[in-house]
Amino acid sequence: MAGAFPTLLSPLDLGHTTLRNRVVMGSMHTKLEDRRRDLPKLAAFFAERAKGGTALIVTGGYAPTWRGWLLPFGSQMTTTTQAKAHRVVTDAVHRHDGRILLQVLHAGRYAYHPFSTAATGKKSPITPFKPRAMSTREVDRTATAFARAAALAKRAGYDGVEIMGSEGYLINQFLAGRTNDRTDAWGGSAAKRMRFPLEIVRRTRDLVGDDFIVQYRISLLDLVDDAQSWEETVELARGLQERGVSILNTGIGWHEARVPTIVTSVPPAAFAWVTGKLRREVDVPVIASNRINRPEIAEQILAAGDADLVSMARPLLADAEFVNKAASGRDREIITCIACNQACLDHTFSNKRATCMLNPRAGYETELVLLPTRTRKKIAVVGAGPAGLAAAVELAGRGHGVDLFEAADRIGGQFTLAARIPGKEDFAHTLAYYRHMIETRGVTLHLNTRVTADDLTDFDDVVVATGVTPRVPPIPGIDHPKVLTYQQVITSAQEKVGDRVAVIGAGGIGFDVAEFLLHEPGESTAHWMERWGVTDPERQRGGLATKVKAPPRREVHLLQRKASALGKGLGKTTGWVHRATLQDSGVQMVGGVEYVRVDDEGLHITVPVNPKDPKSPREARVLAVDTVVVCAGQESVRDLVAPLTAQGVDVHVIGGADVAAELDAKRAIKQATELAARL
Ligand code: NAP
């Protein structure tokens, strides 16, 4: 098992059991945890990951008491009946030689229900419910409830538990002064604030015995004010070790922190250094986490001695076979997580089942099945953007003969643009994956080929994935030389863009273009940390420092006609990062705009005098800009559909060619994969 990733693929002996390699699937809530009837689907989801080689899987969080639920009637592990129902999950993982831990999580003040309890009665900034402060006895009983949940997990066949001590949940709330001003035995000094997790681990170990993994997720960077000091963190880690913890997993940032910790623009392995810092202080194995999405990155962290194991959650949603592919020299076949969050965390936080934009089968293993075909068809796919690529590769994977036609000189469509945006460098992995799979699966690729309906008469089916064309809004002067489309700016015309720019349209692409005009790609971790105010926790409690803001490269005005806040339609878990980035770079964001004309003076607009009241009188303004970039959405390109239908061809329209409004790769790839499963 050596190959290119010798450390990653080496086993780890934990004494009573051995992990077959160093890959841990981190905890993620999929929405399959909460109801008993969904457990077989959860079992299939984890079984695929265990079959794919993952050594250790951690489930989504299960509350040790009903008050610790994340959501009303959320997942909990409090009775033997519940434990028995989990056999289907643990058996499924064990059949493939995997190990699985149940995560025990008490939401504390992050609970999204009115019965929440916490260290104090202080409401969190991210939930509407004010918790009730726990009584002294209640804290004691809750510590025991954690241990009981672990004992139930053992009965359910789990190989261990992960005790969730980070991300700002209850245990973390006890640990930090900002959320624990108690004066009883559970607060008042660092030692007393630490007592809650130490008691939980001691009681858990007592109850479950030695042959059970007790993993603890420790917050190494709280990234909030009035948080833990590094000395306290180390003292806690050593105390947990003394009380019998088997593994320490890394937690980075409370959910209420205003520092991004997992989105695409966070540099690869940006936090491995702090895990390395902990590793030097303890003897138990430690797990590095956050933005580790490729085997070579994982190998580097382990080989450098920063961790004993690596945790990946979203990368294993994207590709269940991550480990096996890395182990068999097929790492170019790995679908690399691009940390877009669009179908995983954005779903979870909208109360929808988590899946993956690049792998719509994730979480739907029993429902979206792509079996080898019995009748091989000859299929043409027109357009090699995300929809066409996914369709071609999946259809060929089922055994169909596929010809893929693309008018441009390369594959990728809108994704080639995304890959050039600073902070979205990982999108290039997706293009590399498709290029490789086209070859591996024998898709015949025709670049620089604009087909007509007459060219396609020989095919059994035609998939029209011809995508979109940028909308040109009917603004007087839109043909002025200072007006450029977003495609021109991103692909070829950056040098034509002046120092003062107006961006028409503030959707995903308007935001991307603003970032493109303001920042350089390939930002270093050190620079990223300065920009977001992340520092060594030995210097500042919680690792939070003042942001260092560089003078902006350009003056940018980002405009939209709607009166609502700009960026409202961006991803739930990513939009705030884009907004904060542009605000920090001094971008003027203006809503309620009416575009009057473009001329030599610049862009003429009117805006409401009172920005909060779109009906207030309007005033005229001239934005004296050198360049106007149009990011006003798109229109579908579907000229092939009518002539093909007239010729009686079986036509399937997918992606932006189907619906251009709010076009997105998530819908495109899902639609393509579902079509591929049907044809
Ligand atoms: P979009 O999200 O539909 O936004 C189009 C923008 O153009 C809106 O701000 C709209 O605002 C404006 N607009 C529409 N018609 C206009 C007209 N006739 N004149 C002037 N302005 C007009 O489209 P997009 O920005 O092109 O993005 C397309 C899709 O790509 C997104 O929906 C998203 O799924 C995906 N994408 C996502 C991300 C991401 O970060 N997740 C990044 C890039 C792209 P007003 O109508 O208010 O003026």
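Numbering of ligands and ligand atoms starts at 1, following listing order.
- Considering backbone and side-chain N/O of Gly571, none are found under 3.5 Å from N/O of ligand 1.
- For Pro474, no nitrogen or oxygen atom sits less than 3.5 Å from a nitrogen or oxygen atom of ligand 1, counting backbone and side chain alike.
- Ion pairing of Arg471 with Glu635 is present here, as a side-chain N (NZ or NE/NH1/NH2) and a carboxylate O approach within less than 4.0 Å.
- Counting heavy atoms closer than 4.0 Å to ligand 1, residue Tyr486 contributes nothing at all.
- By the 30° and 60° cut-offs, the orientation of the rings of His578 relative to Phe511 is perpendicular.
- When every heavy atom of Tyr595 is checked against every heavy atom of Gly505, the shortest pair comes out as OH-N, 3.8 Å.
- Among the atoms of Ile509, some N or O lies under 3.5 angstrom from an N or O of ligand 1.
- Between Gln634 and ligand 1, at least one N/O pair is under 3.5 Å apart.
- For the residue pair Arg314 and Asn293, no side-chain donor N or O sits within less than 3.5 Å of a side-chain acceptor on the partner.
- The option from His578, Arg561, Arg667, Lys562 that lies nearest to atom 17 (C) of ligand 1, judged by heavy atoms, is Arg561.
- Set against the non-hydrogen atoms of Asp664, the atoms of ligand 1 under 4.0 Å away are 34 (O).
- When heavy-atom distances to ligand 1 are checked against a 4.0 Å cut-off, Lys424 comes that close only through its side chain, counted from C-beta outward.
- Heavy atoms of Cys631 found under 4.0 angstrom from ligand 1 belong exclusively to the backbone.
- Surrounding CZ of Arg554 are more than 12 heavy atoms belonging to other residues, nucleotides or ligands, all under 6.0 Å away.
- Contacts between Gln414 and ligand 1 below 4.0 angstrom, taking non-hydrogen atoms only, are absent altogether.
- The heavy atom nearest to atom 5 (C) of ligand 1, considering only Ala668, Ser564, Gly505, Gly633, is found in Gly633.
- When every heavy atom of Gln342 is checked against every heavy atom of His347, the shortest pair comes out as O-CD2, 3.5 Å.
- With Lys31 as the partner, the side chain to side chain donor-acceptor pair (under 3.5 Å) test is satisfied by one option alone out of Thr355, Asn351, Thr348: Asn351.
- Proximity annotation for atom 2 (O) of ligand 1: of Ala660, Gly507, Pro470, Gly507 comes nearest, heavy atoms only.
- Between Tyr595 and ligand 1, a contact under 3.5 Å exists for no N or O pair.
- At least one heavy atom of Ala506 sits closer than 4.0 Å to an atom of ligand 1.
- Distances below 4.0 Å separate heavy atoms of Gln560 from the following atoms of ligand 1: 47 (O), 48 (O).
- Ligand 1 has no nitrogen or oxygen under 3.5 angstrom from a nitrogen or oxygen of Pro473.
- The salt bridge (Lys or Arg N to Asp or Glu O under 4.0 Å) test applied to Glu321 returns Arg330, not counting sequence neighbours.
- Residue-environment remark: CZ (Arg553) exceeds the threshold of 12 foreign heavy atoms within 6.0 Å.
- Of the heavy atoms in Asp512, only side-chain atoms (C-beta onward) come closer than 4.0 Å to ligand 1.
- Figure legend: cation-pi geometry between Arg420 and Phe516 absent, as NZ or CZ is not positioned both under 6.0 Å from the six-membered ring centre and within 45° of its axis.
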Evaluation steps, side chain to side chain contact (heavy atoms under 4.5 Å, CB included), between Thr30 and Lys41: CA-CA 10 Å; Thr30 61; Lys41 286 182 191 152; over 6 Å; no
